[in-house]
Amino acid sequence: MKIGCPKEIKPQEFRVGMTPNAAYEAVTKGHEVVIETGAGVGAGFDDAAYTDAGATILATAQEVFASADMIVKVKEPQAAERKMLREGQILFTYLHLAPDPEQTKDLLASGATCIAYETVTDRNGGLPLLAPMSEVAGRLAPQVGAWTLQKANGGRGVLLGGVPGVGPARVIVIGGGVVGTHAARIAAGMGADVTVLDRSLPRLRYLDDIYGGVFNTSYASAGNTIELAREADMIIGAVLIPGAAAPKLISRAQLSELKTGAALVDVAIDQGGCFETSKATTHQDPVYEVDGIMHYCVANMPGAVARTSTIALGNATMPFMLTLADKGWKQACADDPHLKAGLNVHAGQLTYAAVAEALGLEAITADQAIAG
Ligand SMILES: NC(=O)C1=CN([C@@H]2O[C@H](COP(=O)(O)OP(=O)(O)OC[C@H]3O[C@@H](n4cnc5c(N)ncnc54)[C@H](O)[C@@H]3O)[C@@H](O)[C@H]2O)C=CC1
Ligand SMILES: CC(=O)C(=O)O
Ligand SMILES: [Mg+2]
């Protein structure tokens, strides 16, 4: 199979969908790899690293899209990229379709087969292709939240760890999955007083077993959430219902109950955000204010640390990419229910129920797509 990797074009997105190591493994297995010139530069991989691995460098994204059987990326395809997809082509990348009707319409119109990293599963009930970027975004969240809390950035002027004689900041993390756990660990490490809220009691038990004494846990009822939010300097949104639009857990009306200058870091923004007032921002202009509350809502946080993120993502995606290349999407998905869970769009039809439900559209099942 010919595998193509274009340069990312989302603003300030420096990651790349394929590392030279992944290109080398694909070439070694008999596949052809084409890379857009400069695609890896932001992550510290120059063109020579790819040619040394046996890949071919192409001058434009158009050439990559036109020649490849499978496109491997990082971010959801932008409008200009969606126009270049074609029927029968495989797209393997993050999609986050539930909050994105425009992208969904274009992917359906393209006729391509689109497999979303964020809904591929594993045998432990995890999301193995989301997890590495959730680890990164989780660890970044207290760092960007601490910056947002600085006075010059609109925040309350509170230092996370406090100083001797002055208490620490209070941080609450809503959603104690991968993002939430990593965020809580780092915030606690910076000296903050941290509480993690989740709706899953087994998850709270696990967190308490492992991190009791490092941070507190609380059940994420609406009452507990607003009670803790009122006292918080920073609130990190980290919930996920796989594939679905994020539930709204703090309303606009409730902002008036929060401390003026508090920082909301909505990591769940790529699934639409879990605060009513969240709207996606970019690394160029990451923070805005609503009713005195500072919102940080960057939908591609890991792009800020592109080298770490590219390598971490590549480690996770490579085996799936190789399987897709070896077997084709149909056989690969038929053989592996976890990869099949990634199928979101095929030949003009949605194949993921939670996406269809969020957008008010119809879906067929992935099994129907495979059988068709
Ligand atoms: N902005 C960015 O750059 C990035 C965003 N993300 C996003 O972060 C979000 C979280 O991802 P992960 O931690 O990997 O997911 P996860 O599945 O590991 O954890 C989600 C947690 O949310 C909990 N949850 C669900 N509904 C809840 C509710 N109503 N109240 C409280 N808890 C609830 C679940 O029980 C689970 O423990 C996702 O939307 C993901 O796409 C991930 C990486 C980068
Ligand atoms: C998960 C995701 O959307 C990202 O890493 O940008
Ligand atoms: Mg995202």
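Since this is a predicted model, take the numbers as computed values, not measurements. The basis for the numbers below is simple: all heavy atoms, side chains too, and nothing from hydrogens, waters or symmetry mates. Each ligand, and each atom within it, is numbered from 1 in the order the structure gives.
For Asp335 and Gln331, the side-chain atoms include at least one donor-acceptor pair closer than 3.5 Å. Using modelled atom types, one finds no donor on one side chain facing an acceptor on the other under 3.5 Å when comparing Arg156 with Thr148.
An N or O contact shorter than 3.5 Å links Ser134 to ligand 1 by distance. The distance criterion of under 3.5 Å between nitrogen or oxygen atoms is not met by Ile269 with respect to ligand 1. Geometrically, ligand 1 and Val178 share a nitrogen or oxygen pair separated by less than 3.5 Å. Residue Ala299 places at least one N or O, backbone or side chain, under 3.5 Å from an N or O of ligand 1. Considering backbone and side-chain atoms together, Asp270 places an N or O closer than 3.5 Å to an N or O of ligand 2. Checked by distance only, ligand 1 and Asp270 come closer than 3.5 Å through their nitrogen or oxygen atoms.
Annotation: side chain to side chain donor-acceptor pair (under 3.5 Å) contacts of Asp69 (sequence neighbours excluded): none.
Annotation for ligand 2: atoms under 4.0 Å from non-hydrogen atoms of Asn300 are 6 (O). Set against the non-hydrogen atoms of Pro302, the atoms of ligand 2 under 4.0 Å away are 5 (O). For ligand 1, the atoms lying closer than 4.0 Å to a non-hydrogen atom of Ala220 are 30 (N), 31 (C). Within the listing of ligand 1, atoms 3 (O) sit less than 4.0 angstrom from a heavy atom of Asn300.
For Leu130, every heavy-atom contact with ligand 2 shorter than 4.0 Å involves the side chain, none the backbone. Of the heavy atoms in Ser309, none comes closer than 4.0 Å to ligand 2. At a 4.0 Å heavy-atom cut-off, ligand 1 does not touch Glu118 at all. The proximity of Val267 to ligand 1, defined as any non-hydrogen pair under 4.0 Å, involves the side chain as well as the backbone. Counting heavy atoms closer than 4.0 Å to ligand 2, residue Lys75 contributes side-chain atoms (C-beta onward) but none from N, CA, C or O.
Atom 3 (O) of ligand 2 has its nearest heavy-atom neighbour, among His96, Gln271, Met133, Glu8, in His96.
The CG atom of Asp270 sits 4.0 Å away from atom NE2 of His96, with the distance rounded to the nearest 0.5 Å.
Contact annotation: the side chain of Ile174 approaches that of Phe275 to within less than 4.5 Å [non-hydrogen atoms, C-beta and beyond].
Taking a 4.0 Å cut-off on heavy atoms, Glu118 fails to register as neighbouring ligand 2. By the 4.0 Å heavy-atom criterion, Ser134 is excluded from the residues contacting ligand 2. Taking 4.0 Å as the cut-off, Arg15 counts as a neighbour of ligand 2 on heavy-atom distance.
Tested against Gln62, the residues Val64, Thr60, Leu58 include a single side-chain contact (heavy atoms from CB on, under 4.5 Å) partner, Thr60.
Aromatic pair Tyr117/Phe92: ring centres closer than 6.0 Å.
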